[in-house]
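Structure first, commentary second.
Here, residue 1 is the first one in the sequence, and each next residue gets the next number.
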Amino acid sequence: MSRLLVRRPSPLLADGELTHLDRVPVDPDLALAQWRGYVDAFRQRGWEIVEVDPADDQPDGVFVEDAVVVFDDFAVLCRAGASSRRGEAETIAEAVSALGLEHAAIEEPGTLDGGDVLKVGRTVWVGQSSRTNEAGIAQLRALVEPRGWEVRTAPVTKVLHFKSGVTALPDGTVVGYEPLVDQPDLFAAFVATPEEHGTAVVVLDEQSVLMSSDAPETAALWRARGLDVVEVPISEFEKLEGCVTCLSVRVR
């Protein structure tokens, strides 16, 4: 069964970290409604929803993707690049343990944010960003390469996280908004999106993806490729450099 780790947004969401965007007002009530709609989109597709315990004192806690990356039945607990986010880790570790997953943690001096990790087949692309350092990447490589994954790196200078710039379709094609991608020629297959918020997709199954409703031209592009596209509004999270991948972790 496909399971989805999520955490409801903190009342302090508007105080979350920002790196590349200017701070603008965030509506907490709308954010909660959008989060519920996001979760319902998965539930309607048959996903089991696993809610991590609330972390209301952690403004960025809703972005659970950054705290853990799952490789088959093995989970890597991340060490946040922003020290303000390290308080999210304990409840994530508890949730991973409750799922019965084998797990290991990135340790100091390493830092690794899950938003910098993109799996394409058995290749693990890791963004070298302001949140993920060489020590964190080395630890990740040591943990997952013996389990049959190949770790490759990519520069990240134009966005917060690697997956703020690129994600991948079910067939492995890497997609992204080219002005925000450092080296699109790194990837064997790359398709540029016409809209910034079209860069992020979550694969629901081999024929379906979920994406922001703020990229209608990109949604049409994926439908023309034969994909079933589910669109959800996430404007309040996009104001905080978030996207559809940031709000969940898939456990299959």
Donor-acceptor contact below 3.5 Å, side chain R86 vs main chain A80 | yes

Does V156 belong to the same Ile/Leu/Val/Met/Phe/Trp/Tyr cluster as V181, with side-chain heavy atoms less than 4.5 Å apart forming each link?
-> yes

When you check the side-chain N and O atoms of T132 and D113, is any donor under 3.5 Å from an acceptor?
-> no

Side-chain ion pair, D228 and R45, N-O less than 4.0 Å | yes

Assess whether side-chain contact (heavy atoms from CB on, under 4.5 Å) is satisfied between R131 and H161, documenting all intermediate values.
-> CA-CA 8 Å; R131 301 292 180 86; H161 287 126; 3.9 Å; yes

Using a strict 4.0 Å threshold on nitrogen-to-oxygen distance, state whether D116 and K163 make a salt bridge.
-> no

Evaluate the side-chain proximity of L4 to E48: yes if any heavy-atom separation is below 4.5 Å, no if none is.
-> no

How many angstroms lie between NE2 in H103 and CG in D73, if you round to the nearest 0.5 Å?
-> 13.0 Å

Is a salt bridge present between R122 and D72, judged by a nitrogen-to-oxygen distance below 4.0 Å?
-> yes

Between G172 and V120, the two heavy atoms sitting closest are O-CG1, 3.4 Å

Kindly determine whether S2 and R250 satisfy side-chain contact (heavy atoms from CB on, under 4.5 Å), including the steps that lead there.
-> CA-CA 7 Å; S2 296; R250 293 164 298 160; over 6 Å; no

I would like to know whether V209 and V202 meet side-chain contact (heavy atoms from CB on, under 4.5 Å); could you show each step before the answer?
-> CA-CA 5 Å; V209 295; V202 178; over 6 Å; no

What is the distance from atom OG of S97 to atom CD of E102, rounded to the nearest 0.5 Å?
-> 11.5 Å

Shared ILVMFWY cluster between V69 and L77, side chains joined below 4.5 angstrom?
-> no

Using only heavy-atom distances, determine whether the side chains of Y38 and S248 contain a donor-acceptor pair under 3.5 Å.
-> yes

Using a cut-off of 6.0 Å, state whether more than 12 heavy atoms not belonging to E150 lie near its atom CD.
-> yes

Closest approach of G165 and T199, non-hydrogen atoms and distance?
-> O-OG1, 2.6 Å

Are any non-hydrogen side-chain atoms of R8 and V52 less than 4.5 angstrom apart?
-> no

For L30, the other hydrophobic cluster members (4.5 Å side-chain criterion, sorted by chain and number) are none

Work out which heavy atom in A135 is nearest to a heavy atom in G110; give both atom names and the distance.
-> CB-CA, 3.7 Å

L112 vs R79 side-chain heavy atoms within contact, under 4.5 Å | no

Shortest non-hydrogen contact between S208 and P170, atoms and distance | O-CG, 4.3 Å

Do E241 and L18 come within less than 4.5 Å of each other through their side chains, counting heavy atoms only?
-> yes

Whether E145 side chain and V151 backbone form a donor-acceptor pair below 3.5 Å | yes

Check: T111 main-chain N/O paired with N133 side-chain donor or acceptor under 3.5 Å | yes

Sort out for me which residue in V126, T153, V124 forms a side-chain contact (heavy atoms from CB on, under 4.5 Å) with R141.
-> T153

Among side-chain atoms of S10 and Q58, is any donor-acceptor pair under 3.5 angstrom?
-> no

R85: which of D15, D57, D66 passes salt bridge (charged side-chain N to carboxylate O under 4.0 Å, His left out) | D66

Kindly indicate whether a cation-pi arrangement holds for R147 with F74, taking the cut-offs as under 6.0 Å to the six-membered ring centre and within 45° of the axis.
-> yes

V230 side chain reached by M211 side chain, heavy atoms, under 4.5 Å = no

Could you grab the distance from atom CG of D60 to atom CG of L12, nearest 0.5 Å is fine?
-> 10.5 Å

Any side-chain heavy atom of W47 sitting closer than 4.5 Å to one from V251?
-> no

With distance as the sole test, does T91 use its side chain to make a donor-acceptor pair with the main-chain N or O of E88 at under 3.5 Å?
-> yes

Joint hydrophobic cluster, V26 plus L21, side-chain heavy atoms closer than 4.5 Å | yes

Taking a hydrophobic cluster as the set of Ile, Leu, Val, Met, Phe, Trp and Tyr residues connected by side-chain heavy atoms closer than 4.5 Å, whether directly or through intermediates, do L204 and V39 fall within one such cluster?
-> yes

Is it the case that one hydrophobic cluster holds both V62 and L240, taking links as side-chain heavy atoms less than 4.5 Å apart, direct or via other members?
-> yes

Flag side-chain contact, heavy atom, 4.5 Å: E231 against V229 = yes

Heavy-atom pair of closest approach, residues E195 and D214 = OE2-O, 4.5 Å

Side chains of L227 and L169 in contact at under 4.5 Å (non-hydrogen atoms) | yes

What's the verdict on side-chain contact (heavy atoms from CB on, under 4.5 Å) for T173 and F190, showing C-alpha distance, side-chain angles and the deciding distance?
-> CA-CA 6 Å; T173 299; F190 176 82; over 6 Å; no

Starting at CG of D182, measure out to CD of Q128 and round the result to the nearest 0.5 Å.
-> 10.5 Å

Give, for atom CG of L5 and atom CD1 of I49, the distance between the pair rounded to the nearest 0.5 Å.
-> 9.5 Å

Pairwise distance NE2(H197) to OG(S213) - rounded to 0.5 angstrom | 10.5 Å

Once the angle between the rings of F187 and W125 is folded into 0 to 90°, is it parallel (under 30°), tilted (30 to 60°) or perpendicular (over 60°)?
-> perpendicular

Check side-chain hydrogen bond (donor to acceptor under 3.5 Å, both in side chains) between S212 and all other residues, then give those that pass, not counting sequence neighbours.
-> E238

Indicate the atoms forming the closest heavy-atom contact of H20 with T157, along with that distance.
-> CE1-O, 3.5 Å

With a cut-off of 6.0 Å (strictly less than), are more than 12 heavy atoms of other residues, nucleotides or ligands near CD of E90?
-> no

Checking Q139 side chain against I106 main chain: does a donor-acceptor pair fall under 3.5 Å?
-> no

